Amino acid sequence: MRTRTPASVVRIGVVVIYLFLLVGWPMGRVVQETFFTGENYLTMALADPSLRNAVWVTLAAAGCAVVFNTVLGVTLGILLVRYQFPGKRLLSALADLPTSVSPIVVGLALLLAYGPVHGVLGAPLAEAGVQLIFSFPGIVLAVTFVSLPLVLRAVIPVLQEIGTDQETAAQSLGASGGQVLLRITLPSIRWAVAYGVVLTLARAVGEFGAVLVVSGGIVNQTETATIAVQRLHQGFETGQAYAIGFLLALVAVAALVIVTILRPHERND
Amino acid sequence: MRASTLKPHSTLTRPASVALGVSVLWFSLLVLLPLALVVVASAEDGWAVFWGTLTNTQTANAIQLTLTAAAAATAVNMVIGTLIAWVLVRDRFPGKRLVELLIDIPFALPSLVAGLVLLSLYGPNSPLGINVLGTPYSVFLAVLFVTLPFVVRTVEPVLIELDTDVEQAAESLGASRVTTFRRVVLPALTPAIAAGATLSFARGVGEFGALTLLTGNRPNVSEGAPIRIQSYLETDNTAAAAAVAVFLLLVALTAIGVFDVLSRKVTRHAD
């Protein structure tokens with residue numbers, strides 16, 4: 001570590017000013033717009049049943065995404081790290097696809113597959129009385145899609161690092177495959193899973209584009225928190241838009257803080 | 001999938017094959033099939049329609065704006081991202097943890113809220129008197145915000161691993177700070193910077209939420225390509241929406257490919 005030189009003061013100054021103008025000040029403005037422009041818009045927003053509903057829809061859908069992606073992420077993580085099979089590299093590369101696709105394209109893709117009118121699988125499903133798109137399951141599909149690889153990516157490096165010594169030892173002592181999984185493998189990746197779950201939750205709660213297309217955004221039914229922000233903003237209820245925005249920002253910052261706390265735990269395990 | 005039908009170099013046990021089969025089926029139904037259908041839908045009405053969509057004046061302008069904004073933001077990120085990583089790794093100052101938090105906020109903040117937040121400082125009611133609403137700069141600003149962490153977070157680990165001995169050796173042999181940075185540090189960081197830039201560009205091209213509120217979406221002026229897909233969808237023009245979507249998908253896939261190659265280089269360098 002070098003001592004502070006004039007050059008380092010300039011560097012730090014540039015970085016701090018840049019981050020303040022791009023992130024810090026704008027984030028501060030949300031707090032200001034929510035609480036210090038005449039009304040307490042947060043209380044007002046939370047008293048509105050349609051907004052409370054939007055918050056619940058968001059949380060419920062994010063919860064489903066966490067369950068699906070944790071099961072998939074842990075399963076696929078173990079398969080990719082512990083086994084050899086043809087197409088492994090391709091599968092690993094494809095698993096990253098969901099985070100690289102534009103959210104609006106995700107919405108379009110789900111619409112084409114599961115839309116009730118023209119959807120390849122959606123139309124027959126609709127005839128059988130199952131509607132996915134423009135209802136809650138559609139929102140679940142969308143947020144599960146966009147947050148798909150986050151648990152997987154958190155789990156893989158830890159699985160690689162812990163190696164197979166303990167697993168092999170347990171097996172040689174007569175433990176069954178299921179016992180090894182439950183008693184050795186899963187406990188040793190629990191912090192990585194927790195880390196991935198927090199990221200998944202944050203991503204799923206904050207999804208907008210994909211949900212916008214597949215949910216229909218029906219107030220009191222399929223409206224999520226982000227869609228409500230857009231509706232409020234367009235309806236010139238700016239204060240309440242900022243209030244819900246503030247709540248979402250709070251979730252994001254909380255997620256980041258938790259993730260920072262979880263990070264060192266991985267190394268201790 | 002039965003274990004006996006697998007190729008010889010597979011080490012899957014029977015329960016593992018079942019787990020793999022179910023995972024791949026779920027992944028295909030959720031991700032692969034829907035994305036494949038986007039490609040199918042874009043091709044349904046033939047090449048002329050596909051090409052006609054992409055060359056439609058308003059769409060072509062939207063694509064051009066999105067690519068320019070993503071490229072410009074990426075260029076800024078390559079410089080400022082490297083600088084931020086450098087400051088975080090090499091300099092000591094109070095409030096460093098807050099800086100760390102600020103850098104990751106764009107990762108976690110819903111992009112729609114990012115647009116709203118930027119609008120409060122750079123919109124019509126700006127306390128700075130800067131209003132980007134309805135100008136092309138709004139797309140640039142939105143992309144700049146959401147892509148902030150990428151270069152920082154790819155360069156940082158490489159910089160931590162980088163041995164300062166070589167730099168000290170170069171300096172003790174009479175090289176100036178600038179020369180040392182240019183000839184010793186920068187070559188070691190280049191693969192990481194490039195990898196971060198790729199991620200930043202791919203993310204920037206696909207950004208939707210942050211544009212929604214911040215840009216005003218004026219056709220031919222401040223309308224980005226993902227917003228164009230949305231307006232095609234709203235008018236039930238699925239084929240046109242799919243055509244622009246396929247274009248964005250191709251950009252994302254190319255970026256993944258490039259990133260894969262570059263991250264291999266980074267890993268090799270770290271070894």
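Since the model is a prediction, treat every value here as computed from it, not as a measurement. In what follows, chains carry the letters A, B, and so on, assigned in the order in which the sequence lines appear, proteins first and then strands, with residues in each chain numbered from 1. For the numbers below, each heavy atom of this structure counts, side chains included, while hydrogens, waters and symmetry mates do not.
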[atom1]-[atom2] distance between [X] and [Y], expressed to the nearest 0.5 angstrom:
X: B:L37; Y: A:L111; atom1: CG; atom2: CG; value: 11.0 Å
X: A:L148; Y: B:F27; atom1: CG; atom2: CZ; value: 6.0 Å
X: B:T11; Y: A:K88; atom1: OG1; atom2: NZ; value: 7.5 Å
X: A:I12; Y: B:I84; atom1: CD1; atom2: CD1; value: 12.5 Å
X: B:L35; Y: A:F145; atom1: CG; atom2: CZ; value: 4.0 Å
X: B:R177; Y: A:T5; atom1: CZ; atom2: OG1; value: 6.0 Å

Where does [X] contact chain B at under 4.5 Å (heavy atoms): side chain, backbone, both or neither?
X: A:T226; value: both
X: A:T144; value: both
X: A:Y242; value: both
X: A:I244; value: neither
X: A:L72; value: side chain
X: A:A255; value: neither
X: A:E33; value: side chain

_Inter-chain contacts: residues 20-32 of chain A against chain B, heavy atoms under 4.5 Å_ =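 Within residues 20-32 of chain A, near chain B: A:L21, A:L22, A:V23, A:G24, A:W25, A:P26, A:M27, A:R29, A:V30.
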Per-residue contact mode, [X] against chain A (heavy atom under 4.5 angstrom):
X: B:L101; result: both
X: B:A36; result: neither
X: B:I227; result: neither
X: B:Y122; result: side chain

Quick check: do [X] and [Y] have side-chain heavy atoms less than 4.5 Å from each other?
X: A:L19; Y: B:L148; result: yes
X: A:Y83; Y: B:T13; result: yes
X: B:L29; Y: A:Y114; result: yes
X: A:V15; Y: B:W86; result: no
X: B:V76; Y: A:Y18; result: yes
X: B:T212; Y: A:L212; result: no

What pair of heavy atoms forms the shortest contact from [X] to [Y], and how long is it?
X: A:T75; Y: B:S23; result: CG2-OG, 3.7 Å
X: B:A41; Y: A:L112; result: CB-CD1, 3.8 Å
X: B:L20; Y: A:L91; result: CD1-CD2, 3.9 Å
X: A:H233; Y: B:L119; result: NE2-CD2, 3.3 Å
X: B:L116; Y: A:A241; result: CD2-O, 3.8 Å
X: A:S102; Y: B:L248; result: CB-CD1, 4.2 Å

Quick check for you: among [options], which has the greatest number of heavy-atom pairs under 4.5 Å with chain A?
options: B:P127, B:P15, B:G209; result: B:P127
options: B:V31, B:L109, B:V22; result: B:V31
options: B:V87, B:L30, B:L102, B:V38; result: B:L30
options: B:V246, B:I105, B:V244; result: B:I105

Counting heavy-atom pairs under 4.5 Å with chain B, which one of [options] comes out on top?
options: A:L97, A:T99, A:D96, A:V253; answer: A:L97
options: A:L141, A:I104, A:V105; answer: A:I104
options: A:L94, A:L121, A:V71; answer: A:L94
options: A:A225, A:A249, A:G206, A:G107; answer: A:G206

*In terms of heavy-atom contacts, does OH of B:Y137 have more than 12 from other residues, nucleotides or ligands at under 6.0 Å?*
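Counting other residues, nucleotides and ligands, OH of B:Y137 stays at 12 neighbours or fewer.
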*asked:* side-chain contact (heavy atoms from CB on, under 4.5 Å) for A:T260 and B:R97? Distances and angles first, verdict last.
replied: CA-CA 10 Å; A:T260 317; B:R97 298 201 71 159; 3.8 Å; yes
_For residues 200-208 of chain B, give me every residue with a non-hydrogen atom less than 4.5 Å from any non-hydrogen atom of chain A._
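Contacts with chain A: B:G206, B:F208.
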_Verdict with supporting geometry, B:V113 and A:F208, side-chain contact (heavy atoms from CB on, under 4.5 Å)_ = CA-CA 9 Å; B:V113 179; A:F208 170 69; over 6 Å; no
*Can you tell which of A:V251, A:L248, A:V229, A:V205 makes a side chain to side chain contact (heavy atoms under 4.5 Å, CB included) with B:P110?*
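Among A:V251, A:L248, A:V229, A:V205, the one meeting side chain to side chain contact (heavy atoms under 4.5 Å, CB included) with B:P110 is A:L248.
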